*Asks:* 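I'd like to ask you about the structure that follows.
Note that the coordinates shown come from a computational prediction; the quantities given were computed from them, not determined experimentally. Residue numbers count from 1 along this sequence.
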Amino acid sequence: MRRLDDSTYVVYYDGDLFRAYHSDVAETSFATVQDLNSNDRKYAYIIWRLSDDGKNLRLRSVNDKVVPKETKDSAAIVALLTKNASNPELFGEEIEFKKEK
């Protein structure tokens with residue numbers, strides 16, 4: 001992961017490039033992640049948690065049954081995230097990444 005500017009990062013993972021930036025919606029901090037290798041440049045919305053030692057990153061993506069992938073308008077996405085902020089189904093399973101040397 002490398003900082004591109006004050007709010008945008010470029011992430012290289014498993015041969016793919018992603019652009020990520022921070023968003024706050026309904027008192028929740030999200031990262032918006034854009035797949036730069038995709039022809040249609042698809043977006044994903046995630047929450048993240050970094051361990052105190054900085055070695056483990058845990059991610060949970062927004063469930064596409066709650067916020068459908070077909071939703072393209074950012075205002076509509078914000079409205080769905082706000083509406084479902086307390087919905088336990090908003091996020092999928094947690095995945096963990098470990099920092100490699």
Side-chain angles (χ1 to χ4, degrees):
M1 179 172 7
R2 296 285 184 254
R3 182 180 286 207
L4 187 60
D5 60 32
D6 287 342
S7 62
T8 308
Y9 294 83
V10 174
V11 179
Y12 177 80
Y13 177 73
D14 199 24
D16 290 325
L17 283 174
F18 301 89
R19 178 175 68 124
Y21 55 94
H22 178 87
S23 305
D24 285 327
V25 177
E27 298 180 16
T28 302
S29 294
F30 288 88
T32 301
V33 181
Q34 181 183 23
D35 183 349
L36 296 176
N37 292 331
S38 172
N39 288 335
D40 55 0
R41 302 238 170 149
K42 294 183 180 183
Y43 287 87
Y45 306 96
I46 62 171
I47 58 171
W48 57 275
R49 203 174 50 190
L50 187 62
S51 63
D52 290 339
D53 63 6
K55 294 183 180 179
N56 297 324
L57 176 65
R58 292 178 177 89
L59 305 176
R60 292 182 72 193
S61 62
V62 170
N63 185 341
D64 62 1
K65 292 178 183 166
V66 178
V67 179
K69 289 182 180 181
E70 297 79 25
T71 309
K72 303 291 184 196
D73 178 73
S74 60
I77 291 168
V78 168
L80 285 168
L81 291 173
T82 302
K83 176 183 173 186
N84 289 283
S86 61
N87 181 349
E89 300 295 317
L90 181 58
F91 299 104
E93 290 185 40
E94 184 175 82
I95 57 174
E96 182 176 2
F97 298 90
K98 296 181 188 274
K99 186 175 184 176
E100 295 180 2
K101 292 183 180 183

*Asks:* Can a donor-acceptor pair be found, under 3.5 Å and without considering hydrogens, that links the side chain of Thr71 to the backbone of Pro68?
*Replies:*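 Yes, because the side chain of Thr71 sits within donor-acceptor range (under 3.5 Å) of the backbone of Pro68.
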*Asks:* Report, one line per pair, each donor and acceptor closer than 3.5 Å where one atom sits in a side chain of residues 86-94; sequence neighbours left out.
*Replies:*
from	atom 1	to	atom 2	distance (Å)
Asn87	OD1	Glu89	N	2.7
Asn87	ND2	Asn84	OD1	3.1
Glu94	OE2	Arg49	NH2	3.1

*Asks:* With clusters defined by side-chain heavy atoms of hydrophobic residues (ILVMFWY) lying less than 4.5 Å apart, directly or transitively, does Val33 cluster with Tyr13?
*Replies:* yes
*Asks:* Going from CZ on Arg58 to CH2 on Trp48, what distance comes out if it is rounded to the nearest 0.5 angstrom?
*Replies:*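 Rounded to the nearest 0.5 Å, the CZ-CH2 separation comes out at 13.0 Å.
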*Asks:* Quick one: closest heavy-atom pair of Thr32 and Tyr43, and the distance?
*Replies:* CG2-CD2, 3.6 Å
*Asks:* To the nearest 0.5 Å, what is the distance between CD1 on Ile47 and OG on Ser23?
*Replies:* 13.5 Å
*Asks:* For the hydrophobic clusters of this structure (ILVMFWY residues joined by side-chain heavy atoms under 4.5 Å, transitively), does one cluster hold both Leu57 and Tyr12?
*Replies:*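 Per the 4.5 Å side-chain linkage, Leu57 and Tyr12 are not co-clustered.
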*Asks:* Rounded at 0.5 Å granularity, tell me how far CG in Asn39 sits from NZ in Lys42.
*Replies:* 10.0 Å
*Asks:* Is Val11 linked to Leu4 within one hydrophobic cluster, defined over Ile, Leu, Val, Met, Phe, Trp and Tyr using a side-chain heavy-atom separation of less than 4.5 Å?
*Replies:* no
*Asks:* Taking all non-hydrogen atoms of both residues, which atom of Ser29 and which atom of Asp24 are closest, and how far apart?
*Replies:* OG-OD1, 2.9 Å
*Asks:* Can Leu17 be reached from Tyr9 by stepping across I, L, V, M, F, W or Y side chains whose heavy atoms are under 4.5 Å apart?
*Replies:* no
*Asks:* What distance separates Lys99 NZ from Asn56 CG, expressed to the nearest 0.5 Å?
*Replies:*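 Between atom NZ of Lys99 and atom CG of Asn56 there are 11.0 Å.
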*Asks:* When you group the ILVMFWY residues by side-chain heavy-atom contacts below 4.5 Å and let the links chain together, are Leu59 and Phe30 in the same group?
*Replies:* no
*Asks:* Going by side-chain contact (heavy atoms from CB on, under 4.5 Å), Tyr45 matches just one of Val25, Val62, Asp64. Which one?
*Replies:*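 That would be Val62; it is the only one of Val25, Val62, Asp64 passing the side-chain contact (heavy atoms from CB on, under 4.5 Å) with Tyr45.
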*Asks:* Should the heavy atoms of other residues, nucleotides or ligands under 6.0 Å from CD of Glu27 be counted, would the total exceed 12?
*Replies:* no
*Asks:* Could you work out, with side chain to side chain donor-acceptor pair (under 3.5 Å) as the rule, every residue matching Arg2, not counting sequence neighbours?
*Replies:*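 Applying side chain to side chain donor-acceptor pair (under 3.5 Å) to Arg2 gives none.
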